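FYI, the numbering just counts along the sequence from 1. Fair warning: this is a prediction, and the values are worked out from it, not measured in the lab.
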Amino acid sequence: MRRLLSGLTAGAILLATAACGSSDDSGTSGKAASSGGITTVKLGLIPIVDVAPVYLGQKKGFYEKHGLKLTLTTAQGGAAIVPGVVSGQFQFGFSNVTSLMVAQSNNVPVKAVVNGIASTGVRGKDFNALMVKKGSALKSPGELEGKKVAINTLKNINETAVRAAVRTAGGDPDKVRFVELAFDQMPAALDQGQVDAVSVVEPARATVRSQGGVEIASPLIDVAPDLTVAMYFTSRQYEQQHPDVVKKFREATAESLAYADSHPDEVRAIVTSYTKIPAAVLEQVTLPKWPAEANRASIEALRKLGQDDGLFKTEPDLDKLLP
């Protein structure tokens with residue numbers, strides 16, 4: 001499943017779906033359930049700071065106000081969530097934009113519904129960072145040739161961003177040894193010398209910093225200013241069959257994004273409900289931006305990187321993919 005996007009096909013997606021769930025997946029398999037005017041829908045997420053607005057919006061009653069109840073299921077990355085949504089295991093999912101473009105380029109019927117997350121646009125103060133161990137001799141992405149770099153999913157947004165950073169710094173990205181590792185496993189792997197560098201997001205970034213780790217690049221910011229990194233999405237079939245539910249989800253999530261963007265203290269508090277990050281580390285977490293609208297120009301930049309790195313079978317059609 002972790003390597004799904006390196007050879008994604010519609011058939012592979014459907015076959016791989018069974019491996020995408022987790023123990024908190026419950027209720028009717030693949031079907032939204034309605035009761036007393038409230039529709040229960042399943043949402044596939046990655047357990048990182050990015051999705052805090054959903055947990056916060058659920059706590060604040062924004063989804064209930066719009067007639068929805070969320071059942072949340074976690075996965076390692078967008079590559080695992082996409083097949084779950086397409087097969088109907090989840091009605092909605094959270095995925096980085098590159099995963100969605102790869103899926104669409106393979107004729108997988110996905111449709112972005114509402115914005116998810118954006119970089120801060122401030123180099124050295126983003127929620128994502130390329131980091132090395134305390135005392136490492138590595139000072140630049142250009143020095144990563146022959147080195148082992150951990151990313152959460154191969155052939156995806158973090159790999160293309162790191163490759164771009166290496167290329168910009170004068171190195172050859174084809175000589176970097178990329179290895180796949182879950183974000184929450186990266187701090188220990190770096191500290192123990194199992195990898196030479198990690199491309200992490202919060203809260204793993206804060207954990208690495210607490211270990212004395214050093215940031216050598218802000219890959220997502222290098223891609224484009226104010227990069228739209230991820231979005232919430234559904235399948236085209238579900239959008240066509242349940243436009244009312246999709247509209248409710250879009251409105252409730254947009255309200256949750258706006259609230260999270262203006263209440264950082266509440267965001268930090270809610271993160272403790274679905275991650276094991278210590279309070280002391282949580283204080284050091286750099287929060288992303290949660291704008292209401294996606295940045296089309298930045299997604300175009302991601303599409304170009306994906307094309308340059310050979311991720312797409314056919315060129316993604318952003319007019320069909322984006323809301």
Side-chain angles (χ1 to χ4, degrees), residues 1-6 22 45-52 74-81 94-96 98-99 117 119-120 124-141 143-166 173 176-223 229-230 271-272 274-278 280-288:
M1 179 55 64
R2 296 178 183 175
R3 290 173 174 77
L4 183 61
L5 285 181
S6 63
S22 68
L45 299 173
I46 311 168
I48 51 180
V49 171
D50 306 29
V51 298
T74 60
Q76 179 166 318
I81 294 172
F94 175 85
S95 176
N96 70 73
T98 297
S99 285
I117 185 176
S119 67
T120 64
K125 295 182 179 180
D126 196 20
F127 72 94
N128 161 260
L130 181 61
M131 305 186 75
V132 296
K133 186 178 180 179
K134 178 181 180 181
S136 172
L138 299 170
K139 307 298 181 184
S140 163
E143 299 172 357
L144 292 175
E145 293 181 4
K147 304 300 182 182
K148 191 179 293 186
V149 179
I151 51 177
N152 72 313
T153 306
L154 295 173
K155 302 298 182 183
N156 212 291
I157 186 170
N158 283 309
E159 180 174 338
T160 59
V162 172
R163 287 175 65 88
V166 171
V176 177
R177 297 164 58 199
F178 289 103
V179 296
E180 196 171 74
L181 201 62
F183 286 125
D184 61 1
Q185 296 174 16
M186 290 184 187
L190 183 65
D191 194 49
Q192 295 167 13
Q194 297 172 1
V195 294
D196 300 294
V198 293
S199 180
V200 287
V201 298
E202 297 290 12
R205 175 181 178 271
T207 302
V208 174
R209 284 172 58 87
S210 72
Q211 296 171 173
V214 178
E215 182 171 337
I216 61 171
S218 299
L220 296 181
I221 291 177
D222 288 338
V223 172
V229 179
V271 169
T272 61
Y274 64 93
T275 73
K276 298 178 181 179
I277 183 170
V281 175
L282 184 59
E283 293 176 2
Q284 305 303 316
V285 164
T286 298
L287 299 179

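- Exactly one residue among L220, L287, V285 makes a side chain to side chain contact (heavy atoms under 4.5 Å, CB included) with F127. That residue is L220.
- The closest donor-acceptor contact from the side chain of E202 to the backbone of A206 lies under 3.5 Å.
- Between Q211 and P187, the closest side-chain pair of non-hydrogen atoms falls below 4.5 Å.
- Rounding to the nearest 0.5 Å gives a distance of 11.5 Å between CG of D184 and CD1 of I46.
- The two residues S119 and V229 make their nearest non-hydrogen contact at N-CG2, 4.0 Å.
- Here the side chain of N128 pairs a donor or acceptor atom with the backbone of V200 at under 3.5 angstrom.
- Here the closest non-hydrogen pair linking I48 and P203 is CA-CD, 4.3 Å.
- In this structure Q192 satisfies the side-chain contact (heavy atoms from CB on, under 4.5 Å) test together with A188, Q194, sequence neighbours excluded.
- The shortest non-hydrogen separation linking V195 to L190 is O-CD1, 3.7 Å.
- With sequence neighbours left out, the ring-ring contact (aromatic ring centres under 6.0 Å, His included) criterion links Y274 to Y55.
- No side-chain donor-acceptor contact under 3.5 Å links R205 to the backbone of M131.
- When atom types are taken as modelled, the side chain of K133 and the backbone of D191 share a donor-acceptor pair closer than 3.5 angstrom.
- Under the 3.5 Å distance criterion, the side-chain polar atoms of S218 are matched with a main-chain donor or acceptor of G124.
- Separating the CE atom in M186 from the CG atom in N152 is a distance of 5.5 Å, to the nearest 0.5 Å.
- A distance-only check finds no donor-acceptor pair linking the side chain of E159 to the backbone of F178 [under 3.5 Å].
- At least one donor-acceptor pair under 3.5 Å links the side chain of D196 to the backbone N or O of K148.
- Scanning both residues, S199 and N158, for their nearest heavy atoms gives OG-OD1, 3.7 Å.
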